[in-house]
Amino acid sequence: MGLKRTHPCGILCTDHLGEEVILSGWVLRRRDHGGVIFIDLRDRSGVVQVVFEPKTAPEAHELAHSLKPEYVLSVRGRVRRRPEGMENPKLPTGEIEVEAHELEVLNTSKTPPFPLDEEVPVSEALRLKYRYLDLRRPGGLEPLIFRHRVAQLARQFLNEQGFLEIETPFLTKSTPEGARDYLVPSRLYPGKFYALPQSPQLFKQILMVAGVERYYQIVRCFRDEDLRADRQPEFTQLDLEMSFVDEEDVMGLMEELMVYIFRETLGVELKRPFPRITYEEALSRYGTDRPDLRFGLELVEVSDIFRGTSFKVFAQVLERGGMIKGLCAPSDFSRKELDELTAFVGEFGAKGLAWIKVREDGFQSPIVKFFSEESLQKLREIFNPKPGSTLFFVADDPSVVNEALSELRKHLAERLDLIPEKDFKFCWIVDFPLVEWDEDEGRYVAVHHPFTSPKEEDMPFLEENPERVRSRAYDLVLNGIEIGGGSIRIHRKEVQDRVFKLLKISEEEAQEKFGFLLEALEYGAPPHGGLAFGFDRLVMLMAGRNSIREVIAFPKTQRAQCLLTGAPAPVTMEQLMEVHLLPGWEEE
RNA sequence: GGGGCUGUAGUUCAGCACGGUUAGAACGCCGGCCUGUCACGCCGGAGGUCGCGGGUUCAAGUCCCGUCAGCCCCGCCA
């Protein structure tokens, strides 16, 4: 390579006037006037206009005729001010241009399968197959640069707080419960398998037993489950764990971390402390344990108001122990829109959606005739509805009511444009139940995981009334998306034994599955707890993107394929034999 | 496993409800011209397995069935 780069393209400005520079980058566009030729040269830093003139540099000018998009160049030239009136305000470097003296073509390029020079939409499948071109588009690297920055800030913050970054194994042991594992066959041990970790949970607890006291890791995790816009089979956690702490210590430090990252990247000043909402209250007011606090439309239970009503649908639901909740939307809806909303809640199991329109002269609805003036007055007091708004009600079992209205709440907020742009509303959800009854398995299962500590004051109910026991777990929710979760762990074996008993995990089973952790707990395990962020989700939300694929360099499709490499792919018979996997599966 | 949206030129799309000449547009690409453009301009040209398979029909891009792929959602994700 003859010409060695001296400057990035995107930083050149009037400070560099008269300087001789050597630039390297890709041809974004060529504007060839036969005489003068303009090349927009792009590198990671940005774009600058290079001018080839027949008089100034005949050789370079001649060669420049042959340039095409995505050719790779080095150009030697002089920075000069653009002629009066020829500035391009759309370019950061638009005040200047580079008068080319020498051109070296470092590589040619095939015509790209999609245009790289403009913001035209390109199908995601094509973008993923040619991800290297997709990323090369102007601004294409932005999400990854942003992600890098968030990662570095997190590291910096945690380093200063005395955390050690420690790696944990990827080839580890399958632990049942939780998501489906990705399995790796063992060559040395026929019939045995490693599993890729769903999270470093057990290792980080053991690091606490090892005396690390403060651990973190930005670490890949693997779960073989179906994909979503915010779920990839391999994703990244910012994982951390601390010794000698309670939940307030962890939550407080994590708030500081968020404040720091948001300030340094987005210039957003987050207010501390973040609201703490109990699980029960979140369900009551928002119908979900991950509420979006950027808008109102809160849910209110109105069962008592309608008790004894002659409206059959409500009465029957109440009789069989169901509930009625409602919300007030600040908008009027047409008959057709109301039908659409009814169909919408139907997707979540609601058998109907009752509505009352609020008019200047009172309520209007087909069902309002069933309600006493006293009931209607109470509705007015609760919702304080302005004329022109609409009350919605769902009557059903609590789980259906909450899910349907929670989804309706989000749906209406989007539809009515009630969500402020660039708004970041955090909250902690606390006081989760320790366990919930699993109908299919016929036993209690852990809401978080089996190592989550119960609250001290609820310990007496562990055996008699387990559903009443709250855990020392906490979830961090941002704009209605769970971005982190953690807990204070059980560090004493007798408590762990009682929880296993409650979860109907036998001693033999516990020994087989988590024996190494249980044994570790017996050697002076300190009280400890921690948290894991869904790092991709956090970055996605901060970057204002709709999918974590946008903030991952090489994401997989919804069917879990990598369109770039073609993974997953067949392997040879020899490879299968080596890991003792006999073919036969083709038969199916 | 289930529901929905999408699939037509290299790209982004129109055409499909009501089947009927040779399937269009823009950008890109190829050739030519052009000394101040910046989505340069002008002239000319090439480019199609209408995702794939089957069916209905005299005739299918268009209707029907199946299938594949991408995306969104439910289930699933302690």
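Proteins get letters first, then strands, A, B, ... in listed order; numbering begins at 1 in each.
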Looking across every strand, which nucleic acid part, if any, lies under 4.0 Å from A/Gln561 by heavy atom: base, sugar-phosphate, or nothing? sugar-phosphate

*Should A/Thr557 be listed as having a side-chain N or O under 4.0 Å from OP1 or OP2 of B/G70?*
yes

Tightest non-hydrogen contact, residues A/Leu12 and A/Thr93, listed as O-CG2, 3.4 Å

Can any side-chain N or O of A/Thr557 pair as donor or acceptor with the backbone N or O of A/Arg559 at less than 3.5 Å? yes

In whole angstroms, the gap separating P of B/A39 from CG of A/Leu116 amounts to 17 Å

Table of protein N/O atoms under 3.5 Å from nucleotides 6-11 of chain B N/O atoms:
residue: B/G10; atom: O2'; partner: A/Pro113; partner atom: O; Å: 2.7

_Taking any heavy-atom pair under 4.0 Å as a contact, classify A/Arg42: base, sugar-phosphate, or nothing._
nothing

Using Watson-Crick geometry (N1-N3 plus N6-O4 or O6-N4) or G-U wobble (N1-O2, O6-N3), each under 3.5 Å, B/G66 is paired with B/C52

Check your understanding: Counting distance only, does the side-chain N/O of A/Gln217 pair as donor-acceptor with the main-chain N or O of A/Thr168 below 3.5 Å?
Key -> yes

May I ask you to decide if A/Ala179's main-chain N or O and A/Gln198's side chain share a donor-acceptor pair within less than 3.5 Å?
-> yes

Could you tell me how the ring of A/Phe514 sits relative to the ring of A/Phe500: parallel (under 30°), tilted (30 to 60°) or perpendicular (over 60°)?
parallel

Can you tell me how far C1' in B/C13 sits from the matching atom in B/U8, rounded to whole Å? 9 Å

Exercise. Please measure how far the P atom in B/G48 lies from the corresponding atom in B/G2, and state the result in whole Å.
Key: 38 Å

Note to self: Just N and O in the side chain of A/Arg82: are any of them under 4.0 Å from OP1 or OP2 of B/C38?
What the structure shows: no

Taking a pair to mean Watson-Crick or G-U wobble geometry with both distances below 3.5 Å, B/U22 pairs with none

* P spacing across the pair B/G66 / B/A25, given as an integer number of angstrom -> 36 Å

In whole angstroms, the gap separating P of B/C73 from NZ of A/Lys410 amounts to 10 Å

Atom CD of A/Glu53 and atom C1' of B/C34 are separated, to the nearest Å, by 16 Å

When rounded to whole Å, the CG to P distance for the pair A/Asp226 and B/G75 reads 11 Å

Check the side chains of A/His528 and A/Gln205 for a donor-acceptor pair under 3.5 angstrom, ignoring hydrogens and angles.
-> yes

Nearest-nucleotide check on RNA chain B, A/Val51 vs A/Glu124; residue mapping nearer the 5' end is A/Val51

Open item on the list: Could you tell me how far B/U62 sits from B/A14 if I compare only their C1' atoms? Round to whole Å.
Closed with: 14 Å

Rounded to whole Å, CZ of A/Arg127 lies from P of B/U12 at a distance of 11 Å

Pairing partner of B/U57, by Watson-Crick or G-U wobble and under 3.5 Å for both distances, is none

Among B/C77, B/C29, B/C38, the one nearest any side-chain atom of A/Thr111 is B/C29

| message | Is there, by distance only and without an angle test, a donor paired with an acceptor across the side chain of A/Arg559 and the base of B/C71 below 3.5 Å? | response | no

TODO: Pick base, sugar-phosphate or nothing for A/Arg228, based on heavy-atom distances below 4.0 Å to the nucleic acid.
DONE: base

Under a 3.5 Å limit on both distances, the Watson-Crick or wobble mate of B/U37 is none

Fill in: Any A/Arg549 side-chain nitrogen or oxygen under 4.0 Å from OP1 or OP2 of B/C72
yes

Flag for A/Ser74-A/Arg76: side-chain donor and acceptor within less than 3.5 Å
no

* Asked: Within the pair A/Gln49 and B/U37, is there a side-chain N or O less than 4.0 Å away from OP1 or OP2?
  -> no

Classify the side chain of A/Glu84 versus the base of B/G36 as yes if they form a donor-acceptor pair under 3.5 Å and no if they do not. no

### Message
Regarding B/G28, can its base be found pairing with the side chain of A/Arg30 as donor and acceptor, where the two atoms are less than 3.5 Å apart?
### Response
no

So, is A/Lys90 close to the B/A39 phosphate, meaning a side-chain N or O under 4.0 Å from OP1 or OP2? yes

Does one side chain, of A/Asp239 or A/Tyr215, offer a donor that lies under 3.5 Å from an acceptor on the other?
-> yes

May I ask you to say what A/Glu436 touches in the nucleic acid, namely base, sugar-phosphate or nothing, with a heavy-atom cut-off under 4.0 Å?
-> nothing

Notebook entry, point to check: Are A/Lys556 and A/Glu234 close enough for a salt bridge, meaning some N to O gap below 4.0 Å?
Noted result: yes

Practice prompt. Verify the contact: side-chain N or O of A/Lys68 to OP1 or OP2 of B/C29, cut-off strictly under 4.0 Å; return yes or no.
Written response: no

request  = Can you tell me, in whole Å, how much space there is between the C1' of B/C5 and that of B/A46?
outcome  = 35 Å

A/Gln558 CD to B/G4 P, in whole Å, measures 15 Å

- Query: What is the nucleic acid contact for A/Asp32, judged by heavy atoms within less than 4.0 Å: base, sugar-phosphate only, or nothing?
  - Reply: base

Can you see whether A/Phe461 has A/Arg468 sitting over its ring - NZ or CZ less than 6.0 Å from the centre and within 45° of the normal?
yes

**OP:** Check whether the side chain of A/Arg29 and the base of B/C38 form a donor-acceptor pair under 3.5 Å.
**Re:** no

B/G44 -> Watson-Crick or G-U wobble partner, both distances under 3.5 Å, gives B/C30

A/Glu70 meets the salt bridge (Lys or Arg N to Asp or Glu O under 4.0 Å) criterion, sequence neighbours left out, with A/Arg42, A/Arg136

Roughly how many Å apart are B/C58 and B/U21, using the C1' atom of each and rounding to a whole number? 16 Å

Checklist entry - Roughly how far apart, to the nearest Å, are B/C50 and B/G31 at atom C1'? => result 29 Å

Between B/U11 and B/G19, how far is it from one P atom to the other, in whole Å? 30 Å

The residue, A/Lys55 or A/Asn88, whose nearest nucleotide of RNA chain B is more 5′ is A/Lys55

When you check the phosphate oxygens OP1 and OP2 of B/G36, does a side-chain N or O of A/Arg31 lie under 4.0 Å from one of them? no

ask   = Does the aromatic ring of A/His33 sit over the six-membered base ring of B/C40, closer than 5.5 Å centre to centre and tilted less than 30°?
value = yes

